[in-house]
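See below for the structure under consideration.
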Amino acid sequence: MAQHYRIALLGATGSIGVQTLDIIRRMPERFTLVAAVAQSRWQELAKVAREFGVRRVVIGDARYEAVLREALADTHVEVLVGSEAIEHVVSTEDVDMVVNALVGYAGLHPTLRAIDCGKRIALANKETLVVAGDIVMAAARAKGVEILPIDSEHSAIKQCLEGEKRENVRNLIITCSGGSLRDVPRECLADITPHEALQHPQWNMGAKITIDSATLVNKGFEVIEARWLFDMSPEQIKVVIHPQAIVHSMVEFRDGAVKAQLGTADMHTPISYALLYPDRASEANTPFSMLDYPMLTFSDVDREKYPALDIAYDCLHRGGTAPCTMNAANEVAVAAFLAEQCRLTDIVATIRHALQHATFVERPTIEEYDRVDAEARELARRFIEGLH
Ligand code: NAD
Ligand code: MG
């Protein structure tokens, strides 16, 4: 009989969360939703709780606790609040799998807690691995926990690596659509508005990752994510621009063979692959035909237009807390850009500033990651204030 999973979904109201709910809804014989977490959209969270009959919900922002309680007063749903409650709902005995679709650093501790409790993890929250990939992967290995990537590139690589010997892999080739500003000249980037940067041609995603895609910070993070997930050296991870977003990534082998995974740009496929692995969904959400895409093109990344990619590689080489600092500064700067408090090009400037000034720890503990994250955020905030 097929395995049945009882799921805790972190980030149930977001882009990945909503698509995960589609999959759970379509396969009641495979999945039960036990817990759902969101930051502030309490009405949507209450709706999810009712539809799926979940046992518990967590609202991140305490201001919405009372209204959420009221909205669920006639149910048996347990209402919890705040980050400690998120760690609680991933750990309960009635959960087998945690789908982590939170944004940013907030995803790290819940992932670690889920590993500690031996839960299977479908991971969309790439920041978990960007910040503390060393600690996270070591913990997962020690507990025998599988981390199944939801990120489409990493899902593609995992699919290409199935049945292959690790020592035969030469390179991982991560594809990159180029984001919303692919056709905008470098000189014009400073004048881009949040509205313009949020128009991604291929993927409809949350605001933060859409901006990260426009700056290629996202691609840099995906290189770091791949380094940890697949235990490859930074030199073995390449990035190519592929505007059609049909080839989701590739693996090159020593004998010259290259395997690629193709499909429509629809996150339902990598999400269901992570949820059902090693099984697959019985139907496609959006069927794919090669004939609709007679032209697939590939080109090099313009490293001057997109300095964030090289910064991410530098952070990987420096190791320690460098990627954590990059992530923290980026989170603060992206929020400031979305609030029209800085320019798009200030995001990279903020990252550089934080990397120059933040404490560097070579072999950090999780507490040191927390401290460096807080310090880098403060550095970033002050740097952005100083821009005015
Ligand atoms: P989103 O902004 O659409 O959704 C984020 C969700 O997390 C929301 O439900 C929000 O309420 C919740 N959340 C955020 N911070 C929280 C906190 N502190 N406490 C409780 N809940 C909190 O984001 P998204 O686009 O779905 O992305 C989620 C993650 O998946 C990110 O790490 C992103 O990089 C990754 N990812 C997304 C896509 C995509 O297509 N959207 C693709 C690949 C990877
Ligand atoms: Mg991706």
Side-chain angles (χ1 to χ4, degrees), residues 8-22 35-45 47-48 57-65 68 80-90 99-111 121-131 148-158 174-179 198 200 202-213 215-226 229 239 242 245 247-249 261 264-271 273-274 327 330-331 334-335 338:
L9 173 57
L10 317 185
T13 57
S15 160
I16 295 291
V18 167
Q19 296 176 85
T20 303
L21 291 173
D22 287 343
V37 175
Q39 174 66 1
S40 54
R41 295 196 192 154
W42 62 274
Q43 282 149 313
E44 285 165 49
L45 186 60
K47 231 173 110 190
V48 169
V57 291
V58 179
I59 188 86
D61 188 331
R63 287 176 299 177
Y64 304 105
E65 180 190 356
L68 181 61
L80 303 159
V81 192
S83 51
E84 276 171 29
I86 303 178
E87 290 190 48
H88 169 66
V89 299
V90 304
V99 181
N100 186 344
L102 298 176
V103 191
Y105 195 88
L108 173 61
H109 284 276
T111 305
I121 300 173
L123 187 66
N125 180 262
K126 66 188 81 185
E127 294 89 343
T128 285
L129 292 171
V130 170
V131 170
L148 298 146
I150 285 182
D151 216 349
S152 58
E153 294 76 3
H154 305 76
S155 176
I157 291 168
K158 184 169 174 58
I174 298 181
T175 52
C176 172
S177 71
L198 285 171
H200 197 289
Q202 264 80 29
W203 301 97
N204 185 8
M205 312 179 284
K208 193 238 171 197
I209 184 175
T210 306
I211 301 305
D212 288 349
S213 301
T215 56
L216 256 64
V217 164
N218 181 54
K219 214 42 64 176
F221 283 178
E222 290 182 353
V223 169
I224 302 176
E225 188 185 3
L229 275 174
V239 175
H242 168 50
V247 174
H248 298 308
S249 279
Q261 187 261 328
T264 44
D266 180 345
M267 288 305 294
H268 285 87
T269 310
I271 298 170
Y273 187 72
N327 175 70
N330 180 63
E331 282 189 37
V334 169
L338 287 170

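When a ligand or atom number is given, it counts from 1 through the structure's own listing order.
Residues passing the side-chain contact (heavy atoms from CB on, under 4.5 Å) test with Val247 are Thr175, His242, Met250, Ala260, Leu262, Leu296, Phe298, sequence neighbours excluded. In this structure Glu225 satisfies the salt bridge (Lys or Arg N to Asp or Glu O under 4.0 Å) test with no other residue, sequence neighbours excluded.
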Check ligand 1 for N or O atoms under 3.5 Å from a protein N or O and list each pair with its distance.
{"residue": "ligand 1", "atom": "3 (O)", "partner": "Ser15", "partner atom": "N", "Å": "2.9"}
{"residue": "ligand 1", "atom": "9 (O)", "partner": "Gly11", "partner atom": "O", "Å": "3.4"}
{"residue": "ligand 1", "atom": "9 (O)", "partner": "Thr13", "partner atom": "N", "Å": "3.1"}
{"residue": "ligand 1", "atom": "9 (O)", "partner": "Thr13", "partner atom": "OG1", "Å": "2.7"}
{"residue": "ligand 1", "atom": "9 (O)", "partner": "Gly14", "partner atom": "N", "Å": "3.0"}
{"residue": "ligand 1", "atom": "11 (O)", "partner": "Thr13", "partner atom": "OG1", "Å": "3.4"}
{"residue": "ligand 1", "atom": "11 (O)", "partner": "Gln39", "partner atom": "N", "Å": "2.8"}
{"residue": "ligand 1", "atom": "18 (N)", "partner": "Gln39", "partner atom": "OE1", "Å": "3.3"}
{"residue": "ligand 1", "atom": "19 (N)", "partner": "Gln39", "partner atom": "OE1", "Å": "2.9"}
{"residue": "ligand 1", "atom": "21 (N)", "partner": "Gln39", "partner atom": "N", "Å": "3.2"}
{"residue": "ligand 1", "atom": "25 (O)", "partner": "Gly206", "partner atom": "N", "Å": "2.8"}
{"residue": "ligand 1", "atom": "26 (O)", "partner": "Ser15", "partner atom": "N", "Å": "3.2"}
{"residue": "ligand 1", "atom": "26 (O)", "partner": "Ile16", "partner atom": "N", "Å": "2.9"}
{"residue": "ligand 1", "atom": "30 (O)", "partner": "Ala124", "partner atom": "O", "Å": "3.3"}
{"residue": "ligand 1", "atom": "32 (O)", "partner": "Leu102", "partner atom": "O", "Å": "3.4"}
{"residue": "ligand 1", "atom": "32 (O)", "partner": "Glu127", "partner atom": "OE1", "Å": "2.7"}
{"residue": "ligand 1", "atom": "41 (N)", "partner": "Ser15", "partner atom": "OG", "Å": "3.1"}

Salt bridge (Lys or Arg N to Asp or Glu O under 4.0 Å) assessment of Glu127 paired with Lys208: CA-CA 12 Å; Glu127 294 89 343; Lys208 193 238 171 197; 2.9 Å; yes
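Residue Glu222 comes nearest to Ile174 through the heavy atom pair O-CD1, 3.7 Å, listed as atom of the first residue, atom of the second, then distance.
The number of protein N, O or S atoms lying under 2.8 Å from the Mg ion (ligand 2) is 3.
Contact check for Leu123 versus Pro149: no side-chain heavy atoms found under the 4.5 Å cut-off. A 4.5 Å side-chain heavy-atom check between His200 and Ile209 finds every atom pair outside the cut-off. Val48 is not listed as a side-chain neighbour of Val57, based on a closest heavy-atom distance of 4.5 Å or more.
A side-chain donor-acceptor contact under 3.5 Å links Glu331 to the backbone of Tyr105. Judged by distance alone, the side chain of Asn125 and the main-chain N or O of Leu102 form a donor-acceptor pair under 3.5 Å.
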